[in-house]
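Source: prediction; values computed, not measured.
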Amino acid sequence: MILQGKHYRSGLPIQISCSEGIIDSISETQTSLEKDLIIGPGFTDIQINGYGGIDYNEIQSDPIKLAEISRLLYQEGVTTHFPTLITNDPAQISRLILQIVYLRKSDELSRMSIEGLHIEGPFISPIDGPRGAHPKEFVSAPDWSLVQKWQLESKGLIKMITLSPEWENANSFIEKCVEHGILVSIGHTNATHQQILDAVSAGARLSTHLGNGMHPIIARHPNYLWSQLAQDELGASIIADGFHLPAEVIEVFQKVKKDKLILVSDSVSLAGMAAGDYDLHIGGEVSLTPEGKLHLKSNPSILAGSASNIRRGVSFMIKNKLSSLSEAWEMASVRPQKLLNPGHILFEEGAIADLILCQMDENGELKVVKTIKHGQEVFSA
Ligand SMILES: [Zn+2]
(Lines give C-alpha, C1' and ligand atoms only; values in the text may rest on other atoms or scores of the structure.)
Protein backbone atom coordinates (compact mmCIF):
# COMPACT_ATOMS: atom_id res chain seq x y z
CA MET A 1 0.00 0.00 0.00
CA ILE A 2 1.32 3.44 -0.97
CA LEU A 3 -0.07 6.61 0.60
CA GLN A 4 0.76 10.19 -0.24
CA GLY A 5 0.08 13.41 1.61
CA LYS A 6 1.64 16.29 3.45
CA HIS A 7 3.50 15.29 6.61
CA TYR A 8 1.40 16.41 9.60
CA ARG A 9 4.47 17.99 11.21
CA SER A 10 6.68 19.32 8.43
CA GLY A 11 3.97 19.98 5.83
CA LEU A 12 6.27 18.47 3.17
CA PRO A 13 4.83 16.05 0.60
CA ILE A 14 5.68 12.50 1.59
CA GLN A 15 5.03 8.97 0.45
CA ILE A 16 4.48 6.12 2.86
CA SER A 17 4.66 2.51 1.84
CA CYS A 18 3.39 -0.26 4.09
CA SER A 19 3.19 -4.00 3.89
CA GLU A 20 1.90 -6.63 6.29
CA GLY A 21 0.59 -3.94 8.60
CA ILE A 22 3.95 -2.23 9.05
CA ILE A 23 5.36 1.06 7.68
CA ASP A 24 8.20 0.08 5.30
CA SER A 25 9.31 3.57 4.41
CA ILE A 26 8.47 7.24 4.74
CA SER A 27 10.13 9.40 2.12
CA GLU A 28 9.79 12.87 0.68
CA THR A 29 8.27 12.94 -2.77
CA GLN A 30 8.43 15.41 -5.65
CA THR A 31 5.10 14.25 -7.10
CA SER A 32 2.58 17.05 -6.80
CA LEU A 33 -0.33 15.88 -4.68
CA GLU A 34 -3.73 16.01 -6.30
CA LYS A 35 -5.55 17.00 -3.12
CA ASP A 36 -4.57 18.89 -0.01
CA LEU A 37 -4.26 15.77 2.08
CA ILE A 38 -2.43 15.73 5.39
CA ILE A 39 -1.07 12.41 6.60
CA GLY A 40 -0.14 11.45 10.14
CA PRO A 41 -0.51 8.85 12.86
CA GLY A 42 -4.03 7.72 13.80
CA PHE A 43 -5.53 9.18 16.96
CA THR A 44 -5.49 7.40 20.34
CA ASP A 45 -8.28 8.07 22.84
CA ILE A 46 -7.43 6.87 26.34
CA GLN A 47 -10.80 7.76 27.84
CA ILE A 48 -13.99 6.68 26.16
CA ASN A 49 -17.10 5.34 27.89
CA GLY A 50 -19.14 4.75 24.79
CA TYR A 51 -19.99 6.00 21.32
CA GLY A 52 -22.75 5.89 18.72
CA GLY A 53 -25.45 4.94 21.22
CA ILE A 54 -23.41 2.01 22.59
CA ASP A 55 -21.88 1.98 26.07
CA TYR A 56 -18.96 -0.07 27.38
CA ASN A 57 -20.49 0.50 30.84
CA GLU A 58 -23.64 -1.45 30.05
CA ILE A 59 -24.17 -5.16 29.68
CA GLN A 60 -25.20 -5.77 26.07
CA SER A 61 -27.69 -8.42 25.01
CA ASP A 62 -25.02 -9.34 22.45
CA PRO A 63 -21.47 -8.14 23.28
CA ILE A 64 -20.63 -8.05 19.56
CA LYS A 65 -22.73 -4.88 19.35
CA LEU A 66 -19.73 -3.16 20.96
CA ALA A 67 -17.70 -3.90 17.81
CA GLU A 68 -19.52 -1.02 16.14
CA ILE A 69 -17.67 1.49 18.36
CA SER A 70 -14.27 0.77 16.78
CA ARG A 71 -15.76 1.16 13.30
CA LEU A 72 -17.47 4.45 14.13
CA LEU A 73 -14.28 5.78 15.67
CA TYR A 74 -12.33 4.99 12.47
CA GLN A 75 -14.57 7.56 10.75
CA GLU A 76 -13.14 10.11 13.18
CA GLY A 77 -9.54 8.98 12.75
CA VAL A 78 -9.33 7.17 16.09
CA THR A 79 -7.30 4.02 15.43
CA THR A 80 -6.71 3.10 19.09
CA HIS A 81 -8.95 3.54 22.10
CA PHE A 82 -9.10 2.56 25.74
CA PRO A 83 -12.64 1.67 26.85
CA THR A 84 -13.19 3.39 30.18
CA LEU A 85 -15.20 1.71 32.92
CA ILE A 86 -16.39 4.04 35.63
CA THR A 87 -17.30 3.50 39.30
CA ASN A 88 -19.71 0.60 39.67
CA ASP A 89 -20.42 -2.48 41.77
CA PRO A 90 -17.11 -4.46 41.62
CA ALA A 91 -18.98 -7.54 40.39
CA GLN A 92 -20.53 -5.46 37.61
CA ILE A 93 -17.07 -4.12 36.64
CA SER A 94 -15.98 -7.77 36.34
CA ARG A 95 -18.92 -8.51 34.03
CA LEU A 96 -18.13 -5.43 31.90
CA ILE A 97 -14.47 -6.47 31.67
CA LEU A 98 -15.43 -9.99 30.56
CA GLN A 99 -17.69 -8.50 27.92
CA ILE A 100 -14.74 -6.59 26.43
CA VAL A 101 -12.49 -9.67 26.65
CA TYR A 102 -15.14 -11.59 24.71
CA LEU A 103 -15.44 -8.76 22.17
CA ARG A 104 -11.69 -8.72 21.53
CA LYS A 105 -11.65 -12.50 21.14
CA SER A 106 -14.51 -12.43 18.63
CA ASP A 107 -13.74 -9.34 16.56
CA GLU A 108 -10.35 -8.69 14.99
CA LEU A 109 -10.78 -4.92 14.53
CA SER A 110 -11.86 -4.48 18.16
CA ARG A 111 -8.86 -6.54 19.25
CA MET A 112 -6.51 -4.28 17.29
CA SER A 113 -8.21 -1.04 18.31
CA ILE A 114 -8.60 -1.74 22.01
CA GLU A 115 -5.06 -1.67 23.38
CA GLY A 116 -6.12 -1.52 27.00
CA LEU A 117 -8.72 -0.64 29.60
CA HIS A 118 -8.97 2.48 31.68
CA ILE A 119 -10.63 1.98 35.06
CA GLU A 120 -11.91 5.36 36.31
CA GLY A 121 -12.95 4.82 39.90
CA PRO A 122 -14.21 3.39 42.18
CA PHE A 123 -11.18 4.65 44.19
CA ILE A 124 -12.09 8.31 43.77
CA SER A 125 -13.34 11.03 46.12
CA PRO A 126 -16.70 10.32 47.75
CA ILE A 127 -17.30 14.09 48.06
CA ASP A 128 -20.04 15.77 46.00
CA GLY A 129 -18.42 17.84 43.27
CA PRO A 130 -15.11 16.02 42.77
CA ARG A 131 -17.03 12.74 42.52
CA GLY A 132 -18.96 14.07 39.52
CA ALA A 133 -21.65 11.69 38.29
CA HIS A 134 -19.98 8.57 39.70
CA PRO A 135 -22.41 6.68 42.01
CA LYS A 136 -21.42 7.32 45.64
CA GLU A 137 -22.55 3.92 46.89
CA PHE A 138 -19.71 2.17 45.02
CA VAL A 139 -16.90 4.64 45.77
CA SER A 140 -14.27 2.96 47.96
CA ALA A 141 -10.69 3.03 49.20
CA PRO A 142 -8.11 1.59 46.79
CA ASP A 143 -8.13 -2.19 46.91
CA TRP A 144 -5.19 -3.92 45.25
CA SER A 145 -6.64 -7.42 45.55
CA LEU A 146 -9.70 -6.24 43.64
CA VAL A 147 -7.52 -4.81 40.87
CA GLN A 148 -5.56 -8.07 40.73
CA LYS A 149 -8.84 -9.95 40.28
CA TRP A 150 -9.95 -7.58 37.50
CA GLN A 151 -6.53 -7.75 35.89
CA LEU A 152 -6.73 -11.55 35.81
CA GLU A 153 -10.23 -11.41 34.33
CA SER A 154 -9.12 -8.87 31.72
CA LYS A 155 -6.07 -11.00 30.81
CA GLY A 156 -3.76 -8.10 31.66
CA LEU A 157 -5.67 -5.49 29.69
CA ILE A 158 -5.94 -2.87 32.47
CA LYS A 159 -3.38 -0.20 31.53
CA MET A 160 -4.65 2.81 33.43
CA ILE A 161 -6.46 3.68 36.67
CA THR A 162 -7.87 7.06 37.64
CA LEU A 163 -8.05 7.52 41.40
CA SER A 164 -7.94 10.11 44.15
CA PRO A 165 -4.89 10.05 46.43
CA GLU A 166 -6.99 11.27 49.35
CA TRP A 167 -7.36 7.68 50.62
CA GLU A 168 -5.01 6.63 53.40
CA ASN A 169 -3.61 3.62 51.54
CA ALA A 170 -3.33 5.43 48.18
CA ASN A 171 0.47 5.53 48.02
CA SER A 172 1.13 1.83 48.52
CA PHE A 173 -1.65 1.14 45.99
CA ILE A 174 -0.10 3.51 43.43
CA GLU A 175 3.29 1.85 43.89
CA LYS A 176 1.71 -1.56 43.23
CA CYS A 177 0.06 -0.28 40.05
CA VAL A 178 3.30 1.22 38.77
CA GLU A 179 5.16 -2.00 39.58
CA HIS A 180 2.63 -3.86 37.43
CA GLY A 181 2.78 -1.44 34.50
CA ILE A 182 -0.51 0.36 35.17
CA LEU A 183 -0.52 4.11 34.60
CA VAL A 184 -1.97 5.97 37.58
CA SER A 185 -3.80 9.20 36.94
CA ILE A 186 -5.21 11.58 39.53
CA GLY A 187 -8.83 12.52 38.98
CA HIS A 188 -12.15 13.14 40.73
CA THR A 189 -10.03 14.21 43.66
CA ASN A 190 -10.37 16.23 46.84
CA ALA A 191 -6.78 15.51 47.88
CA THR A 192 -4.60 17.92 49.84
CA HIS A 193 -1.38 19.37 48.45
CA GLN A 194 0.70 16.87 50.45
CA GLN A 195 -1.42 13.94 49.26
CA ILE A 196 -0.85 14.99 45.66
CA LEU A 197 2.91 15.34 46.24
CA ASP A 198 2.97 11.89 47.82
CA ALA A 199 1.01 10.39 44.93
CA VAL A 200 3.52 11.80 42.46
CA SER A 201 6.39 10.38 44.54
CA ALA A 202 4.60 7.03 44.49
CA GLY A 203 4.43 7.18 40.69
CA ALA A 204 1.22 8.93 39.58
CA ARG A 205 1.97 10.54 36.20
CA LEU A 206 -1.20 12.14 34.88
CA SER A 207 -4.23 14.21 35.86
CA THR A 208 -7.49 12.96 34.38
CA HIS A 209 -9.65 15.59 32.60
CA LEU A 210 -7.93 18.38 34.53
CA GLY A 211 -10.35 21.20 35.33
CA ASN A 212 -13.39 18.90 35.38
CA GLY A 213 -14.63 16.53 38.08
CA MET A 214 -14.12 19.34 40.61
CA HIS A 215 -16.10 21.41 43.06
CA PRO A 216 -17.85 24.26 41.20
CA ILE A 217 -16.22 26.67 43.71
CA ILE A 218 -12.86 26.06 45.42
CA ALA A 219 -10.63 27.90 47.89
CA ARG A 220 -8.31 30.35 46.12
CA HIS A 221 -5.30 28.49 47.59
CA PRO A 222 -4.24 25.96 48.43
CA ASN A 223 -6.35 23.72 46.24
CA TYR A 224 -5.94 20.52 44.25
CA LEU A 225 -5.86 22.38 40.93
CA TRP A 226 -2.76 24.44 41.77
CA SER A 227 -1.16 21.37 43.34
CA GLN A 228 -1.57 19.32 40.16
CA LEU A 229 -0.54 22.20 37.90
CA ALA A 230 2.63 22.75 39.91
CA GLN A 231 3.86 19.17 39.53
CA ASP A 232 6.04 18.89 36.42
CA GLU A 233 5.94 15.10 36.60
CA LEU A 234 2.17 15.12 36.09
CA GLY A 235 0.88 15.34 32.55
CA ALA A 236 -2.79 16.16 32.08
CA SER A 237 -5.63 15.06 29.88
CA ILE A 238 -8.29 17.56 28.86
CA ILE A 239 -11.71 17.47 27.22
CA ALA A 240 -11.34 20.11 24.50
CA ASP A 241 -14.91 20.11 23.25
CA GLY A 242 -15.64 23.79 23.84
CA PHE A 243 -18.05 23.05 26.70
CA HIS A 244 -16.02 21.39 29.44
CA LEU A 245 -13.23 24.01 29.58
CA PRO A 246 -13.08 27.62 28.44
CA ALA A 247 -10.36 28.26 25.85
CA GLU A 248 -8.33 30.45 28.24
CA VAL A 249 -8.12 27.61 30.77
CA ILE A 250 -6.73 25.32 28.07
CA GLU A 251 -4.29 28.09 27.17
CA VAL A 252 -2.94 28.12 30.72
CA PHE A 253 -2.81 24.31 30.93
CA GLN A 254 -0.83 24.35 27.65
CA LYS A 255 1.71 26.78 29.04
CA VAL A 256 2.16 24.81 32.22
CA LYS A 257 2.00 21.21 30.99
CA LYS A 258 3.66 21.81 27.60
CA ASP A 259 4.27 18.51 25.78
CA LYS A 260 2.57 16.58 28.58
CA LEU A 261 -0.91 17.87 27.74
CA ILE A 262 -3.07 15.35 25.88
CA LEU A 263 -6.59 15.21 24.48
CA VAL A 264 -9.28 12.75 25.51
CA SER A 265 -12.91 12.64 24.44
CA ASP A 266 -14.36 11.17 27.67
CA SER A 267 -17.33 10.51 25.42
CA VAL A 268 -20.54 8.92 26.64
CA SER A 269 -22.70 6.69 24.47
CA LEU A 270 -24.58 9.61 22.89
CA ALA A 271 -21.41 10.84 21.17
CA GLY A 272 -21.70 10.40 17.44
CA MET A 273 -25.53 10.52 17.58
CA ALA A 274 -27.90 12.98 15.93
CA ALA A 275 -28.91 16.11 17.86
CA GLY A 276 -32.11 15.72 19.86
CA ASP A 277 -33.58 14.73 23.22
CA TYR A 278 -32.71 11.38 24.74
CA ASP A 279 -33.78 9.46 27.83
CA LEU A 280 -30.80 7.74 29.43
CA HIS A 281 -31.24 5.04 32.00
CA ILE A 282 -28.42 6.70 33.97
CA GLY A 283 -28.71 10.47 33.69
CA GLY A 284 -32.41 10.80 32.87
CA GLU A 285 -33.63 13.23 30.22
CA VAL A 286 -30.83 14.93 28.30
CA SER A 287 -30.49 17.07 25.19
CA LEU A 288 -27.77 16.94 22.57
CA THR A 289 -27.42 20.21 20.64
CA PRO A 290 -26.31 20.42 16.98
CA GLU A 291 -23.04 21.97 18.29
CA GLY A 292 -22.39 18.80 20.29
CA LYS A 293 -23.22 20.04 23.79
CA LEU A 294 -24.87 17.38 25.94
CA HIS A 295 -26.83 18.82 28.84
CA LEU A 296 -29.70 18.02 31.20
CA LYS A 297 -32.93 18.71 29.36
CA SER A 298 -34.21 20.64 32.38
CA ASN A 299 -31.08 22.82 32.67
CA PRO A 300 -28.86 23.66 29.67
CA SER A 301 -26.08 24.87 31.96
CA ILE A 302 -25.53 21.42 33.50
CA LEU A 303 -23.43 19.16 31.27
CA ALA A 304 -24.45 15.51 31.09
CA GLY A 305 -21.10 14.21 29.84
CA SER A 306 -19.11 14.67 26.68
CA ALA A 307 -20.50 13.93 23.24
CA SER A 308 -17.25 14.77 21.52
CA ASN A 309 -14.48 12.79 19.91
CA ILE A 310 -10.74 13.30 19.53
CA ARG A 311 -10.98 14.68 15.98
CA ARG A 312 -13.29 17.42 17.20
CA GLY A 313 -10.89 18.16 20.04
CA VAL A 314 -8.03 18.54 17.56
CA SER A 315 -10.18 20.86 15.43
CA PHE A 316 -11.17 22.89 18.50
CA MET A 317 -7.52 23.44 19.41
CA ILE A 318 -6.65 24.59 15.89
CA LYS A 319 -9.73 26.78 15.31
CA ASN A 320 -9.23 28.57 18.60
CA LYS A 321 -5.52 29.03 17.89
CA LEU A 322 -4.69 27.12 21.06
CA SER A 323 -2.12 25.09 19.19
CA SER A 324 -0.75 24.42 15.74
CA LEU A 325 -2.08 21.57 13.63
CA SER A 326 1.00 19.45 14.32
CA GLU A 327 0.86 20.04 18.06
CA ALA A 328 -2.87 19.29 18.33
CA TRP A 329 -2.29 16.13 16.29
CA GLU A 330 0.50 15.04 18.67
CA MET A 331 -1.76 15.69 21.68
CA ALA A 332 -4.14 13.14 20.20
CA SER A 333 -1.68 10.52 19.01
CA VAL A 334 2.02 10.46 19.87
CA ARG A 335 1.62 11.81 23.41
CA PRO A 336 -1.04 9.42 24.71
CA GLN A 337 0.80 6.52 23.08
CA LYS A 338 4.04 7.55 24.78
CA LEU A 339 2.25 7.51 28.14
CA LEU A 340 0.48 4.20 27.80
CA ASN A 341 2.80 2.36 25.47
CA PRO A 342 6.31 3.49 26.42
CA GLY A 343 8.81 2.28 23.86
CA HIS A 344 6.14 1.92 21.18
CA ILE A 345 7.06 3.76 17.97
CA LEU A 346 4.58 5.67 15.87
CA PHE A 347 4.74 7.09 12.33
CA GLU A 348 8.25 5.78 11.68
CA GLU A 349 9.74 3.01 9.59
CA GLY A 350 9.02 -0.27 11.32
CA ALA A 351 6.01 1.11 13.21
CA ILE A 352 2.54 -0.40 12.95
CA ALA A 353 0.73 1.28 10.06
CA ASP A 354 -2.00 3.14 11.96
CA LEU A 355 -2.43 6.15 9.70
CA ILE A 356 -4.98 8.76 8.80
CA LEU A 357 -5.37 11.08 5.84
CA CYS A 358 -7.18 14.31 6.60
CA GLN A 359 -8.28 17.53 4.97
CA MET A 360 -8.94 20.89 6.55
CA ASP A 361 -12.31 22.34 5.51
CA GLU A 362 -13.05 26.03 5.02
CA ASN A 363 -14.15 26.39 8.67
CA GLY A 364 -10.86 25.06 9.98
CA GLU A 365 -12.42 21.71 10.86
CA LEU A 366 -10.17 18.70 10.33
CA LYS A 367 -12.00 16.03 8.30
CA VAL A 368 -10.89 12.42 8.04
CA VAL A 369 -10.65 11.15 4.47
CA LYS A 370 -9.06 7.74 5.02
CA THR A 371 -8.16 5.58 8.02
CA ILE A 372 -5.63 2.76 7.95
CA LYS A 373 -5.47 0.29 10.85
CA HIS A 374 -2.56 -2.17 10.90
CA GLY A 375 -2.05 -1.49 7.18
CA GLN A 376 -5.69 -2.21 6.34
CA GLU A 377 -8.05 0.47 5.00
CA VAL A 378 -10.88 0.60 7.54
CA PHE A 379 -12.53 3.86 6.50
CA SER A 380 -12.75 5.93 3.34
CA ALA A 381 -14.95 9.05 3.10
ZN1 LIG B 1 -14.39 11.49 34.96
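The pair E76-R312 fails the salt-bridge criterion, with no side-chain N (NZ, NE, NH1 or NH2) lying under 4.0 Å from an Asp/Glu carboxylate O. With respect to the salt-bridge test (charged N to carboxylate O, under 4.0 angstrom), the residues K149 and D143 do not qualify. At a threshold of 4.0 Å, the pair K159-E115 does not count as salt-bridged, since none of the basic side-chain nitrogens sits closer than that to a carboxylate oxygen. Salt-bridge annotation for E251 and K321: absent, with no side-chain N of the basic residue lying under 4.0 Å from a carboxylate O of the acidic one.
M160 has its side chain out of reach of R205: every pair of non-hydrogen atoms, C-beta onward, lies at least 4.5 Å apart. At least one side-chain heavy atom of E365 sits less than 4.5 Å from a side-chain heavy atom of R311. Looking only at side-chain heavy atoms (C-beta outward), I54 and Q60 come within less than 4.5 Å of each other. Within the 4.5 Å cutoff, the side chain of Q92 has heavy atoms near those of the I59 side chain. Contact annotation: the side chain of S227 never approaches that of L197 to less than 4.5 Å [non-hydrogen atoms, C-beta and beyond].
Within 6.0 Å of atom NZ in K319, more than 12 heavy atoms from other residues, nucleotides or ligands are found, so the atom counts as buried in its surroundings. Applying the 6.0 Å contact sphere to CG of D62 captures more than 12 heavy atoms from other residues, nucleotides or ligands. Annotation for E248: atom CD counts as buried by contact number, over 12 foreign heavy atoms lying within 6.0 Å. Atom CH2 of W226 has 12 or fewer heavy atoms from other residues, nucleotides or ligands within 6.0 Å. Residue-environment remark: CD (E168) stays at or below the threshold of 12 foreign heavy atoms within 6.0 Å. Within 6.0 Å of OH in Y102 there are 12 or fewer heavy atoms belonging to other residues, nucleotides or ligands. Counting heavy-atom neighbours within 6.0 Å of E179 CD, excluding the residue itself, gives a total above 12.
Distance check, rounded to the nearest 0.5 Å: CG of D354 to NZ of K373 gives 3.5 Å. Atom OH of Y224 is separated from atom CE of M214 by 4.5 Å, given to the nearest 0.5 angstrom. Atom-to-atom distance recorded for N341:CG and L183:CG is 11.0 Å, nearest 0.5 angstrom. Separating the CG atom in D89 from the CZ atom in R95 is a distance of 6.5 Å, to the nearest 0.5 Å.
Between the side chains of Q194 and D198, at least one donor-acceptor pair of N or O atoms lies under 3.5 Å. A donor atom on one side chain and an acceptor atom on the other are found under 3.5 Å apart for N49 and D266. No donor-acceptor contact under 3.5 angstrom links the side chains of Q99 and Y56, judged on distance only. H180 and Q148 share no side-chain donor-acceptor pair at under 3.5 Å. In the model, H209 has a side-chain atom that pairs as donor or acceptor with a side-chain atom of E120 under 3.5 Å. Side-chain contact of T208 with H188: a donor-acceptor pair under 3.5 Å is absent, judged by distance alone.
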- Query: Could you go step by step and tell me if Y8 and E330 meet the side-chain hydrogen bond (donor to acceptor under 3.5 Å, both in side chains) rule?
  - Reply: CA-CA 9 Å; Y8 79 105; E330 301 242 311; 2.5 Å; yes
- Message: side-chain contact (heavy atoms from CB on, under 4.5 Å), that's the test. Do L261 and M331 meet it? Break it down for me.
- Response: CA-CA 6 Å; L261 192 67; M331 289 172 81; 3.7 Å; yes
- Query: Do K155 and R104 pass the side-chain contact (heavy atoms from CB on, under 4.5 Å) test, and can you show the C-alpha distance, the side-chain angles, and the key distance before you say yes or no?
  - Reply: CA-CA 11 Å; K155 302 189 190 306; R104 287 181 83 249; over 6 Å; no
- Query: Going through the checks in order, is the side-chain contact (heavy atoms from CB on, under 4.5 Å) test met by V139 and W167?
  - Reply: CA-CA 11 Å; V139 170; W167 297 94; 3.9 Å; yes
- Item | Derivation of the salt bridge (Lys or Arg N to Asp or Glu O under 4.0 Å) call for E327 and R335 | CA-CA 10 Å; E327 192 175 18; R335 294 184 192 171; 3.2 Å; yes
- Checking side-chain contact (heavy atoms from CB on, under 4.5 Å) for the pair I69/H81: CA distance, chi angles, key distance, verdict? CA-CA 10 Å; I69 297 180; H81 71 280; 4.1 Å; yes
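Ring orientation note: the planes of F173 and F123 are nearly perpendicular, at an angle over 60° on the 30°/60° scale. Under the 30°/60° scheme for interplanar angles, the aromatic rings of H7 and F347 are found to stand perpendicular.
Linking Ile, Leu, Val, Met, Phe, Trp and Tyr whenever their side-chain heavy atoms come within less than 4.5 Å leaves V368 and I38 in two separate clusters. In the hydrophobic clustering of this structure, L325 groups with F316; members are Ile, Leu, Val, Met, Phe, Trp, Tyr whose side-chain heavy atoms approach within less than 4.5 Å, directly or through other members.
Of all non-hydrogen atoms in T192 and Q195, the two that sit nearest each other are N-OE1, 2.8 Å. Shown here for G121 and T87, the closest heavy-atom pair between the two residues is CA-OG1, 3.4 Å.
Using a distance-only test at 3.5 Å, with no hydrogens or angles considered, no donor-acceptor pair links the side chain of N309 to the main chain of G272.
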